[in-house]
There are 2 protein chains.
Amino acid sequence: MKDVAARAGVGLKTVSRVVNGEEGVSADTEHRVREAITALGFRRNDSARTLRKGRTASIGLVLEDLADPFYAPLSRAVEEVARAHGALLINGSSAEDPDRERELVLALCARRVDGLIIIPAGDDHRYLTPEIEAGVAISFVDRAPGLIDADVVLSDSFEGAREGTAHLIAHGHRRIGFVGDQPQIQTAAERLRGYRTAMAEAGLPVDGSWVSLGPTNPERVRAETVRLLSGPEPVTALFAGNNRVTVTVVRVLAAQTRGVALVGFDDFELADLLSPPVTVVAQDPAQLGRSAAELLFRRLEGVDDPPRQLALPTRLIARGSGELPPEV
Amino acid sequence: MKDVAARAGVGLKTVSRVVNGEEGVSADTEHRVREAITALGFRRNDSARTLRKGRTASIGLVLEDLADPFYAPLSRAVEEVARAHGALLINGSSAEDPDRERELVLALCARRVDGLIIIPAGDDHRYLTPEIEAGVAISFVDRAPGLIDADVVLSDSFEGAREGTAHLIAHGHRRIGFVGDQPQIQTAAERLRGYRTAMAEAGLPVDGSWVSLGPTNPERVRAETVRLLSGPEPVTALFAGNNRVTVTVVRVLAAQTRGVALVGFDDFELADLLSPPVTVVAQDPAQLGRSAAELLFRRLEGVDDPPRQLALPTRLIARGSGELPPEV
DNA sequence: CTGAAAGCGCTTACAG
DNA sequence: CTGAAAGCGCTTACAG
């Protein structure tokens, strides 16, 4: 910039004015400056700008796994909102590891992102308190933060699971299995609670062996599904706690001769083309991302109400697998 | 940092040393500095660091759409390599719009990312020349850059499409349709060339009406697929040019009474659970991302050979749909 | 309409 | 083992 100023025979401030399209530069001067800029191949250094202005026009998004089909549209929606506000998006995957989440979040804070959207892996977010006090805006999405208060956007997991389970009950099922994610994940716990509530509301007992929570890797889910389907009194229907569980369960059921009803939490591509087509309790991942990003930019614009908690409704999509009658 | 130094009664440089874990600070001094840091809630500002060091430890990835199941694992793989090199990843979607690509890339350069991985939307990348001269490392992936020379990692689209088409021919098909992406996209053109080559090698004519290139939105693909399947001499098999095309074609075929063979470029989740299971020419998106990132970090470490061009092999996965016999 | 000076928060090169 | 000075490339606040 110094070089540009020298070559154009003007002051630094004038170059700055031209670069930023500010008022108050004569056409002639502007012309000389632009010429110098192209001649010298000048490119403004936003790091310097950032340092001076205090804002970086970037936000961070920490999620579990960018490659998960559930998070990809969420991330894309956040990106669109950021773009509308002139901000760039820095993405990071926590791999469901609380330490990695923390490390990533703090790295993002050290870069002075203006705001942060977090899908929590951990359940203690007190490490964020100094950052929040220093002025970083934060909103959580998909799961609530632990031990701190902040904006959060969730799907209504409880209500969705309750509705899905009630749907199976309405189609005649009495022995319904639940295969879900690890119990310390709030959404997993909420979905289990929804399942239990629906069963209780129908006056049905829940045998402890029908419920299986744990990591959602295919091996475990497969083994547990097989277990639920065997024995003298196997379940006649399954509720799958998330998209990855559903996909594995579908694979197991495809190998079964007996028809087993299935409702899965989360919609997924091609669910309607499987046989039977898979009935799901759908979330709207893009809307989750959009809402969280909008809450964030509200804060960035200075809104200072108490933290908000948004619960987006889920939607039951009946396609066939959830309407299968009990069969033993 | 100034405040920390004052409170600890040391010089700025000593604080810097402690923060960066450098040698040559007595245990006692270090202790005082750390105390001041926590007392004051000091958080190093990486923008300032960046300004001074010249490196930002961040790279940019510009792709078409983060939410596309093909790009999500690619992006994740890039993130992992970046992480291994201590760098953060800034993602941006070009939405297949050359202007938006350019805008994003230049914004990333203004932020002084150390390097850039680009999945080109446009076909003229001369706008990058000043950036490259200024020292930004760039590698392209999935498609080659236009009018400049740079590292690039591709799948072997030509060979993959040739093999997939030959597979259909080997199963008795003579009238094979090709539904692909817009012809100005290099990979689309290469895949078409592979198809034509396989047909020519088998001595089969290609009727102009069998080939349909254009946007891959469901409406167009659906209409074109229906067109190819109607008339007095319909095709008995289809080659689908990418994952999105394949999915739409599958939907159309599901509504057909006649069996139509299908080979799709790109693998996709649940392809094996459809009926019939879908035969595909699989790419390895994660490997594409990993290779491109590794080329990039080689450059960042100072390697200065001529640009490299890597073509990763594709893999034909026969699952059923591609082995269906011709049926009229 | 234009510019000189100070400063954003660090690191570098040097001296002690 | 420790620190003062200069500087990275911009913008801010001010003066003319």
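Reminder, nothing fancy here: chain letters follow the sequence lines and each chain counts from 1. Basis for what follows: all heavy atoms, side chains included, without hydrogens, waters or symmetry-related copies.
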**Request:** For the residue pair B:Asn45 and B:Met1, establish whether any side-chain heavy-atom pair is separated by less than 4.5 Å.
**Result:** no

**Asked** Under a 4.0 Å heavy-atom cut-off, which of residues 41-49 of chain A touch DNA chain D?
**Response** A:Phe42, A:Arg43, A:Arg44, A:Asn45, A:Ala48, A:Arg49

**Prompt:** A:Thr14 has a side chain; which of C:dG3, D:dT2, C:dG9 sits nearest to it?
**Reply:** C:dG3

**Asked** Which residues in residues 18-38 of chain A have at least one heavy atom lying under 4.0 Å from any atom of DNA chain C?
**Response** A:Gly24, A:Val25, A:Ser26, A:Thr29

**Message:** Please report the distance, rounded to the nearest Å, between NZ in B:Lys2 and C1' in D:dA6.
**Reply:** 16 Å

**Prompt:** Can you find a side-chain donor-acceptor pair between B:Ser155 and B:Gln283 that sits under 3.5 Å?
**Reply:** yes

**Fill in**
Nearest heavy-atom contact between A:Leu66 and A:Ala72 is O-CB, 3.9 Å

**Request:** Enumerate, in order of first residue number, the stems that involve DNA chain D, defined as 3 or more consecutive Watson-Crick or G-U wobble pairs with both distances under 3.5 Å.
**Result:** C:1-3 with D:14-16, C:5-12 with D:5-12, C:14-16 with D:1-3

**Request:** Decide yes or no for A:Ile118 and A:Leu128: does some side-chain heavy atom of the first lie under 4.5 Å from some side-chain heavy atom of the second?
**Result:** yes

**Request:** Determine: side-chain N/O of A:Lys53 to OP1/OP2 of D:dT12, distance under 4.0 Å, yes or no.
**Result:** yes

**Message:** Quick check on side chain to side chain contact (heavy atoms under 4.5 Å, CB included): which of B:Val303, B:Asp151, B:Val153 does B:Arg308 satisfy it with?
**Reply:** B:Asp151

**Message:** Angle between ring planes, A:His125 versus A:Phe140, binned at 30° and 60°: parallel, tilted or perpendicular?
**Reply:** perpendicular

**Prompt:** Rounded to whole angstroms, how far apart are NZ on B:Lys13 and C1' on D:dA4?
**Reply:** 12 Å

**Request:** Return the 5'-most residue of the pair B:Arg112, B:Val10 with respect to DNA chain D, ranking by each residue's nearest nucleotide.
**Result:** B:Val10

